[in-house]
Amino acid sequence: MGWEEIYKRRLATAAEAVRRIKSGDRIVVGHACGSPEVLLKAMVENKDAYENVEIVHMVAMGPSEYCLPENSPHFIHNSLFAGATSRKAIHDGRAMFTPSHFSQIPRLFTKKILPVDVTLCMLSPPDEHGFCSFGVSVDYTKPAAESSALVIAEVTPHMPRTLGDAFIHVSRIDCIVETASKPIILQPPKISDIDEKIGGYCAELIRDGDCLQLGIGAVPDSILGFLKDKKELGIHTEMFSDGVVDLVNEGVITCTRKNFHTSKMVATFFMGTEKLYRFVHNNPMVEMFPVDYTNNPAMIARNNNMVSVNSALQIDLTGQACSESIGYRQFSGTGGQADFIRGAAWSQGGRSILAFHSTASRGTLSRIVPHLDEGAVVTTTRTDIHFAVTEYGIADLRGKSVPQRAEALIAIAHPGFREELRKEFSRIYKR
Ligand code: COA
């Protein structure tokens with residue numbers, strides 16, 4: 001039977017498709033902007049048919065109704081990265097959090113550590129050979145689908161057809177639900193004066209020919225504004241957003257000096273607006289891979305001059321950084337932070353940057369602290385950290401002793417907290 005016939009036979013409505021979910025199933029949901037919202041809505045509407053369905057998801061951008069208290073007998077959310085819709089559910093004990101490096105998530109599924117019963121995903125329409133693209137979310141979504149007992153996919157013409165190792169054949173999809181859904185849009189963040197200052201310092205650490213990983217948010221976006229005069233930059237990252245498109249069009253990002261995937265931008269998911277999604281559609285300069293490839297520190301390190309830029313919530317005077325919790329409260333997740341910091345450390349000429357505002361809570365708290373808060377999670381160990389950057393400058397921590405680190409970090413703390421930090425350092429470390 002040809003793939004066209006298979007496709008037709010597997011067409012279903014969303015309501016029909018979600019009836020194949022059974023109580024006790026573990027469901028993996030397509031990541032971030034590739035979330036299949038029509039399927040999730042149909043699943044929640046059919047909730048009376050289920051008990052204890054486990055929903056495994058990472059960055060959830062939609063309403064995540066399965067997290068609501070009234071849905072808790074039917075669904076239990078297992079979060080791989082807390083977000084706006086799951087933080088409260090995790091805190092209130094209605095959802096679980098599973099720590100993992102982003103690079104390691106596919107093997108949780110493929111090695112059956114967390115066996116997957118159902119994958120719900122969003123795909124592009126099939127090409128002439130019957131292959132659909134995972135579009136904006138290849139990451140763990142493709143490995144989950146490949147190791148899942150049942151694959152239910154929303155197929156929409158609005159999902160960009162991204163290239164690379166981004167495809168699944170129609171014959172491997174059990175239920176096909178045609179929709180007119182668009183991938184979720186993430187508007188560019190507002191960039192403050194502080195973000196601009198931090199972006200300027202980070203750009204000082206970036207040289208012509210570097211290969212970049214830029215996280216998400218105002219700081220990475222503000223850095224892009226300072227890179228217009230650089231030459232032959234490369235991209236090997238987990239994700240990028242709209243700002244990168246302008247630098248490609250201006251000829252700043254060429255990827256010509258990359259050691260492998262030369263002249264190609266490598267990523268595993270995208271979050272942005274239609275501008276980004278149009279750019280990545282059928283674009284041979286963009287290659288998508290599952291996250292166990294893009295985020296594997298050994299792969300990252302194959303690029304010379306790899307520079308990773310990520311952020312943190314709190315950092316102690318020895319250099320260990322918490323980027324994912326506020327005390328015991330899970331705020332986000334490890335994501336690919338440690339993957340890229342370790343990859344950059346092994347790259348010839350590599351550098352990693354943790355860039356963050358010097359204060360939080362409208363200037364009332366210093367993010368540079370004598371010791372992490374009780375319950376705060378160490379995302380980046382002090383043995384892994386390299387550069388820390390705030391709006392007050394750059395601290396190069398690699399190879400520095402604990403007192404030297406404290407001095408460098410106090411110098412980039414907000415001036416209003418420096419005296420107190422010095423006193424606390426003397427008290428704790430007897431110096
Ligand atoms: N104590 C109390 N509150 C704090 C705090 C602290 N130490 N640090 C931050 N906050 C508050 C902030 O004030 C802010 O609240 P507000 O919006 O009411 O002002 C809120 O927490 C979020 O902080 P902010 O630094 O603005 O968050 P962000 O959106 O820039 O995200 C991280 C920063 C670190 C959470 C995010 O980069 C992350 O999750 N990193 C880990 C994963 C990662 O690096 N992945 C790889 C790249 S995709």
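Both counts, for ligands and for their atoms, begin at 1 and track the order of listing.
Taking 4.5 Å as the limit, every side-chain heavy atom of R107 sits out of range of all side-chain heavy atoms of D292. Between V138 and F289 there is no side-chain heavy-atom pair separated by less than 4.5 Å.
Contact annotation: for E324 versus ligand 1, there are no heavy atoms closer than 4.0 Å. At a 4.0 Å heavy-atom cut-off, ligand 1 does not touch F102 at all. Neither the backbone nor the side chain of F340 has a heavy atom within less than 4.0 Å of ligand 1. Heavy atoms of T334 found under 4.0 angstrom from ligand 1 belong exclusively to the backbone.
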Evaluate the criterion side-chain contact (heavy atoms from CB on, under 4.5 Å) for residue pair V266 and M288; output intermediate values, then yes/no. CA-CA 6 Å; V266 168; M288 301 285 277; over 6 Å; no

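Protein heavy atom in closest approach to atom 32 (C) of ligand 1: S323 O, 3.9 Å. If you check which protein heavy atom lies closest to atom 37 (O) of ligand 1, you get S311 CB, 3.6 Å. For atom 20 (C) of ligand 1, the closest heavy atom belonging to the protein is F331 CZ, 4.0 Å. Nearest protein neighbour of atom 21 (O) of ligand 1, counting heavy atoms only, is I326 CD1, 3.7 Å. For atom 48 (S) of ligand 1, the closest non-hydrogen atom of the protein is E238 OE2, 3.1 Å.
Side chain of R367 to main chain of A312: a donor-acceptor pair is present (N/O by atom type, distance under 3.5 Å, no hydrogens or angles). Under a 3.5 Å cut-off, the side chain of D339 and the backbone N or O of S103 do form a donor-acceptor pair. The backbone N or O of T294 sits nowhere less than 3.5 Å from a side-chain atom of E238 that would complete a donor-acceptor pair. Distance alone, capped at 3.5 Å, is enough to place a donor-acceptor pair between the K258 side chain and the I235 backbone.
Where the criterion is an N or O separation shorter than 3.5 Å, residue side chain and backbone included, Q213 fails it with respect to ligand 1. For the pair L313 and ligand 1, the shortest N or O to N or O distance falls below 3.5 Å. Ligand 1 has a nitrogen or oxygen under 3.5 angstrom from a nitrogen or oxygen of Q337.
Using a 4.0 Å cut-off to heavy atoms of G333, the atoms of ligand 1 that qualify are 41 (C), 42 (C). Against a heavy-atom cut-off of under 4.0 Å, L365 is close to the following atoms of ligand 1: 1 (N), 2 (C). Counting the atoms of ligand 1 from 1 in the order shown, those under 4.0 Å from a heavy atom of R367 are 8 (N), 9 (C), 23 (O), 24 (P), 25 (O). Within ligand 1, the atoms closer than 4.0 Å to a non-hydrogen atom of S332 are 35 (C), 38 (C), 39 (O), numbered from 1 in the order shown. Each of the following atoms of ligand 1 lies closer than 4.0 Å to a heavy atom of A360: 4 (C), 5 (C), 6 (C), 8 (N), 9 (C), 10 (N), 13 (O). Atoms of ligand 1 lying under 4.0 Å from at least one heavy atom of F81, given by number and element, are 39 (O), 42 (C). Atoms of ligand 1 found under 4.0 Å from any heavy atom of A312, numbered from 1 in the order shown, are 34 (C). Shown in contact with S361 at under 4.0 Å from a heavy atom are these atoms of ligand 1, numbered in order with element: 3 (N), 13 (O).
Residues meeting the ring-ring contact (aromatic ring centres under 6.0 Å, His included) test with H371, sequence neighbours left out: none. In this structure F240 satisfies the ring-ring contact (aromatic ring centres under 6.0 Å, His included) test together with F270, sequence neighbours excluded.
Atom 44 (O) of ligand 1 is approached by the protein to below 4.0 angstrom, counting heavy atoms only. Counting only heavy atoms, the protein gets under 4.0 Å from atom 25 (O) of ligand 1. In this structure, atom 16 (P) of ligand 1 has its sub-4.0 angstrom surroundings free of protein heavy atoms. Contact annotation for atom 40 (N) of ligand 1: protein present (non-hydrogen atoms, distance under 4.0 Å). For atom 10 (N) of ligand 1, the nearest protein heavy atom is under 4.0 Å away. Not a single protein heavy atom sits closer than 4.0 Å to atom 30 (O) of ligand 1.
Between H31 and F269, the gap from one ring centroid to the other is short of 6.0 Å.
Between R427 and E424 there is a salt bridge, since a side-chain N of the basic residue sits under 4.0 Å from a carboxylate O of the acidic one.
Between the side chains of H357 and E391, not a single donor N or O lies within less than 3.5 Å of an accepting N or O. A donor atom on one side chain and an acceptor atom on the other are found under 3.5 Å apart for E154 and S181. In summary, the side chains of H57 and Y66 do present a donor paired with an acceptor at a separation below 3.5 Å, with no hydrogens or angles considered.
Both tests hold for R418 against Y392: distance to the six-membered ring centre under 6.0 Å, angle to the ring axis within 45°.
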